[in-house]
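Single-structure report; data block below.
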Amino acid sequence: MSDAIARVTATPAAREMLATLRARHGPLMFFQSGGCCDGSAPMCYAAGEFAISDTDVFLGELEGAPFYMGSEQFAYWEHTQLLIDVVDGNGGMFSLDNGTGRRFLTRSRLFTDEELAQLAPASRGPVEA
């Protein structure tokens, strides 16, 4: 496994929710939809159910689920590590967590200068499976 700094990671609760949703829906993907700060809700979709454009930014994978955000939004988040968590509440209308009584939530922290120097450049567009 690489020692690279992850741009996106998940709490144990989020990983558990991912496993539950994967068992119901198969392979998954995320898109950080809107929001510029902590408390934003990433949207979880069945793989291929959301069209990724060439300008969307691939941040990494959570338990094999690719995680993307729009390039304009990435300009706000590029200096932060995203930590995906789960809290009580309703997910976004089209997100697979909607109706479970729990929802994904984005938390963040600023990368240190040393971490920023080690980050690989973010890639754009869909990743090959």
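These figures come from a predicted structure and were not determined experimentally.
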Gln73 versus Met69, closest heavy-atom pair with distance: C-SD, 3.9 Å
Nearest-0.5 Å distance that lies between atom NE2 in His79 and atom CZ in Arg7: 9.0 Å
Check: Leu18 and Phe30 side chains under 4.5 Å, non-hydrogen atoms: yes
Single-linkage hydrophobic cluster Tyr76~Phe67, side-chain heavy atoms < 4.5 angstrom: yes
Rounded distance (nearest 0.5 Å) linking atom SG of Cys44 with atom CG of Asn98: 11.5 Å
Spatial distance of atom CZ (Arg103) from atom OG (Ser95) [nearest 0.5 Å]: 10.0 Å
Gly64 to Pro66 - nearest heavy-atom pair and separation: O-CD, 3.4 Å
Residues Thr106 and Gln32: side-chain donor-acceptor under 3.5 angstrom: yes
Steps toward side-chain contact (heavy atoms from CB on, under 4.5 Å) verdict (Met17, Thr100): CA-CA 10 Å; Met17 173 77 94; Thr100 66; 3.7 Å; yes
Under 3.5 Å: donor-acceptor pair, side chain of Asp97, backbone of Phe104: yes
Verdict with supporting geometry, Val86 and Leu105, side-chain contact (heavy atoms from CB on, under 4.5 Å): CA-CA 6 Å; Val86 173; Leu105 176 89; over 6 Å; no
Non-hydrogen atoms of Leu28 and His25 that approach each other most closely: CD2-CB, 4.2 Å
Salt bridge (charged side-chain N to carboxylate O under 4.0 Å, His left out) partners of residues 52-64, not counting sequence neighbours, each pair once: Arg15-Glu63
Heavy-atom pair with the smallest gap, counting every atom of Ile52 and Pro126: CG2-N, 3.7 Å
Geometric class of the Phe50/Tyr45 ring pair [parallel <30°, tilted 30-60°, perpendicular >60°]: parallel
Closest heavy-atom pair and its distance - Thr80, Ser108: CB-CB, 4.1 Å
Glu115 atom CD, over 12 foreign heavy atoms within 6.0 Å: yes
Value rounded to 0.5 Å, distance of CE in Met29 from CD in Glu49: 9.5 Å
Nearest-0.5 Å distance that lies between atom CD in Glu114 and atom CD1 in Ile5: 10.0 Å
Shortest non-hydrogen separation from Gly125 to Tyr68 and the atoms involved: O-CE2, 3.5 Å
Pairs satisfying salt bridge (charged side-chain N to carboxylate O under 4.0 Å, His left out), at least one member in residues 81-92, at least two apart: Asp85-Arg107, Asp88-Arg102
Residue pair Thr9 / Ile84, side-chain heavy-atom distance below 4.5 Å: no
Salt bridge (charged side-chain N to carboxylate O under 4.0 Å, His left out) pairs, two or more places apart, involving residues 19-32: none
